[in-house]
Amino acid sequence: MIEKEVNIAKEFENRWEEIRKLAVKEWLGIFAEGKASVIVGSATCGRSAGAMQILEVCRQEKEKLLVNVEVLEGGCLGHCYAEPMAIFHTPRFPPLLYGYLTDEKVRILLKKLYLEGDPVTEWCMGAMHNNPFVPTVYENPRFRFEDRRILARCGIIDPENIMHAIYLGCYRGFLNSLKMSPQEIIEEVKESGIRGLGGAGFPTWKKMKSCAEAGDDGEKFIICNADEGDPGAFMDRVILESDPHGVIEGMLIAARACSARHGFVYVRHEYPLAVKRIRKAIEDARKIGLLGNSILGTEMHFDIEVKEGAGAFVCGESTALIASIEGKRGMPRVRPPRSVNYGFEGKPTLLQNVKTLMGLGLILRNSGKWYSSLGTEKSKGTAVFALAGKIKKTGLVEIRMGTKIRDIIEIFGGGISVKQKTSDVIQDISQLKQKNFKAVQIGGPSGGWIPENLLDTPIDFDSLQRSGAIMGSGGMVVIDEDNCIVQATRFFLEFTQKESCGKCNFCRIGTWHMLRILEKITTGKATMDDLNLLEELAIDVKKGSLCNLGKTAPNPVLSSIRHFRSEYETHITDKRCPSLECRDLISYQISLKKCVRSCEACVGSCPVEAIFTRKDGLKEIDQTKCIKCGACFDACPSHYDAVIKISPPIFQDKTNK
Amino acid sequence: MPPNELNKKTTNDGDDNIEDILEKTPPQRSEIINLLLSIQQRFGYLSSGALKKVARHFFISETDVWSVATFYNEFRFTPKGKNHIKVCLGTACHIKGGANIMKTWETKLKINEGDITPDRKFSLDRVGCVGCCSMAPVAVVNEKIEGKMSPVKVEGILLKIKLDEEKNSSSK
């Protein structure tokens, strides 16, 4: 018996060694010293910034210049603010990273780099490793302080090439798990202290253990939850688009631990590129025998199917997600039984988030101890956050647990962005007015607002919970003094109200009434009684809902009332929006003192032709036509700043000439 | 939302030719969402005729199919315009003024969110989040993502569509 096991172990080691040799060959064929290649970051965010255009230019230009350069589509490095980006591998220099690319820049770069041997350092964001010529990217605080573990391969490999992933250590963790018994795998995961990175923070090993022990007829399922319905979060998309094999590895390990034979990747239909790349990855893995029957010659069978979601936020809830895969309305059901005991088609099902599965691969490759070397006492490892909103350097960051929120905003995010008008001719943005931080929203529509005085809260599951927010899926949206907190809260509630599946009365009708009250506040029709009713309802909805969508929907409302009560009261008593955002409580005016007669910028920008020139040459806005779109506000150059917002709205005061 | 009187008029004939898609799909309940997605991919919407055939294929009642289809945001029951515009109103886009972009589209096209212009050239929809939050505000015009939108850019895109159309018609 033992002999047989040894033989099998030998066989899969041999087969793996063959695959590994192929991978080394493939990798060195492109990236060995002396080779030339370009990887253009072409995940969805890069594409919307024009990465496909850059790719096209690269391909055309290489023909023209007659240089032998391999042009590859890559993933995303997470530095979305600098998109489109590309890494240039040259024979003479270490790999160089360039951002803010344009067609013309790429043409010049290709010529300079490959024909003239000039690294154009003024455009370069840095070299990818240490070298005597060019400063590295690690001079940039974002690169230096990040702990890239889950995102380690994202951006540097071609995600559609399985060999690249294998060269950089993917599937090594799965190989290790093949030599271990399921109990040993679960022990290792337990030692790492990893908790569900999808937001709930439930210990992963417990879930795996109960799934491994559940059921008796052997039929079990693994589901990868990539239904990132949370607006403002996009890390699951980036991972699926940039490193799909890492996800497959995680699912294989989970399948080995729970002895499951089928897996599903449930991914949003709104992410077409992610769907395409995970499908391709599954096919490639099948081809070299990492998926399917008798994986690498062992007795393990596992296969993965991609299921597309059709846009329903509630399907992030485990039981709703399973109902959706079964082809039903995605409505959650009463638990227990939990999905690990009674999941897909009534069989034990292990449901894990994309990032947790990536984490499993890392744990088995290195060790549980290694994984727990970063982080706080109760939250180990790293967390991935999506920075968005009014921040200079948007994108994805991977930070160790326990990092302060302030550091994420200031070091990784580069601070609050200055508003640069499209009309501005000022090159030096330091001349523009710096805006003040107001609040940060963590955890999407289920999370809460964190004001300035709580910014020193460390990021971990328990501290965030205490501060009124949740880890959630890791969306982090920053707002500044120009954003109205009531308006932003109304937005979140509108989202959850629309997405409520309608099963529980409090969630269905309660959120609707809460939304009506918030609408009354933002249009200046509310009374103080409404505010009290809002708070009361929020608590009731929390209590009266079955799933986490309803239980957390009032979070933004409660936390914003707690921290920004005065702003609500100003809306109600003064009928005024202090941040000048609520459309019904402001009006756009042209300051007659500041307006210069000869400039026509605002007139041209108005989409409804509400701005006219008076007899004296000054401009005025016809308030009956104005739709308050803010185009003129944006068009008026900063050095005039003649278009102003007034709250409460009043018509032009003729006396301020 | 089931089709009202107005929507019935905008249903095209022949939008229930789905026999070849049905043939490829095993009649398992779990396939229903993928099937509906591929029907929508072909016609841009789900016609009531197509849903009837789907119900027959899975041996379930028509109401059952409708209940699944109407649950998910992705499915629409009126045809798309020639140019389909989706405006992202996710968190990041909202913070950066997505509502203003929506308003500008609405006034420029003279239709409301979720509607189609009478000449069927444009249809306007809102989407939750397309995952390009760092390019906010975002609009998706004919499946191409346009980042950093502004009211002026809306006009620019409309002008470009118009010019392209003229170029096409003159070259024909």
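Order of the sequence lines sets the chain letters (A, B, ...), proteins ahead of strands, with each chain counted from 1.
Contacts of A/Glu494 with chain B are made by side-chain atoms alone, with heavy-atom separations under 4.5 Å and no backbone atom involved. For A/Cys501, the parts sitting under 4.5 Å from any heavy atom of chain B are the backbone and the side chain alike. The part of A/Val478 that comes within reach of chain B is its backbone (N, CA, C, O), which places non-hydrogen atoms under 4.5 angstrom from that chain. Contacts between A/Glu241 and chain B at a heavy-atom distance below 4.5 Å are absent for every atom of the residue.
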Test log, rule side chain to side chain contact (heavy atoms under 4.5 Å, CB included), inputs A/Arg47 and B/Ile145: CA-CA 8 Å; A/Arg47 286 179 180 206; B/Ile145 291 168; over 6 Å; no
Side chain to side chain contact (heavy atoms under 4.5 Å, CB included) evaluation trace for A/Glu326 with B/Gln28: CA-CA 9 Å; A/Glu326 286 170 351; B/Gln28 280 165 4; over 6 Å; no
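Of all the listed residues (A/Arg583, A/Gln441, A/Glu499, A/Lys393), the one sharing the greatest number of non-hydrogen pairs under 4.5 Å with chain B is A/Arg583. Per-residue counts of heavy-atom pairs under 4.5 Å with chain B were compared for A/Ala631, A/Gly444, A/Ser324, A/Ala386; the largest is that of A/Ser324. Note: A/Gly330 leads A/Ala49, A/Ala488, A/Gly330 in heavy-atom pairs under 4.5 Å with chain B. Per-residue heavy-atom pair counts under 4.5 Å with chain B were compared for A/Glu228, A/Lys498, A/Glu83, A/Glu345, and the maximum is reached by A/Lys498.
Contact residues of residues 100-109 of chain B toward chain A are B/Asn100, B/Lys103, B/Thr104, B/Thr107, B/Lys108 (heavy-atom distance under 4.5 Å).
One distance of note links CZ of B/Arg29 with NZ of A/Lys328; it measures 7.0 Å at 0.5 Å rounding. Note that CD of B/Glu155 and OG of A/Ser605 are 8.5 Å apart. Values are rounded to the nearest 0.5 Å. Here the CD1-OG distance, from A/Ile325 to B/Ser30, works out to 9.0 Å after rounding to the nearest 0.5 Å. Rounded to the nearest 0.5 Å, atoms CE (A/Met331) and CZ (B/Phe71) are 6.0 Å apart. Here NZ of B/Lys144 is found 11.5 Å from CE of A/Met52. Values are rounded to the nearest 0.5 Å. Distance CD1/B/Ile33 to NZ/A/Lys307: 8.0 Å, rounded to 0.5 Å.
Within a 6.0 Å radius of CD in B/Glu19, more than 12 heavy atoms belonging to other residues, nucleotides or ligands are found. Heavy-atom contacts from other residues, nucleotides or ligands closer than 6.0 Å to CD of B/Glu166 number more than 12. For B/Lys82, the NZ atom sits in a loose shell: 12 or fewer heavy atoms of surrounding residues, nucleotides or ligands are nearer than 6.0 Å.
Residues A/Glu308 and B/Asn34 have side chains in contact (heavy-atom distance under 4.5 Å, counting atoms from C-beta outward).
The ring-ring contact (aromatic ring centres under 6.0 Å, His included) pairs that include a residue from residues 475-501 of chain A are A/Phe313-A/Phe495, A/Trp449-A/Phe492, A/Phe491-B/His94, where partners are two or more places apart or lie in different chains.
Of the possible donor and acceptor atoms, one in the side chain of B/Asn73 sits under 3.5 Å from a partner among the backbone N and O of A/Gly311. When atom types are taken as modelled, the side chain of B/Tyr72 and the backbone of A/Arg329 share no donor-acceptor pair closer than 3.5 angstrom.
Here the shortest heavy-atom pairing between A/Ala310 and B/Leu37 reads CB-CD2, 4.5 Å.
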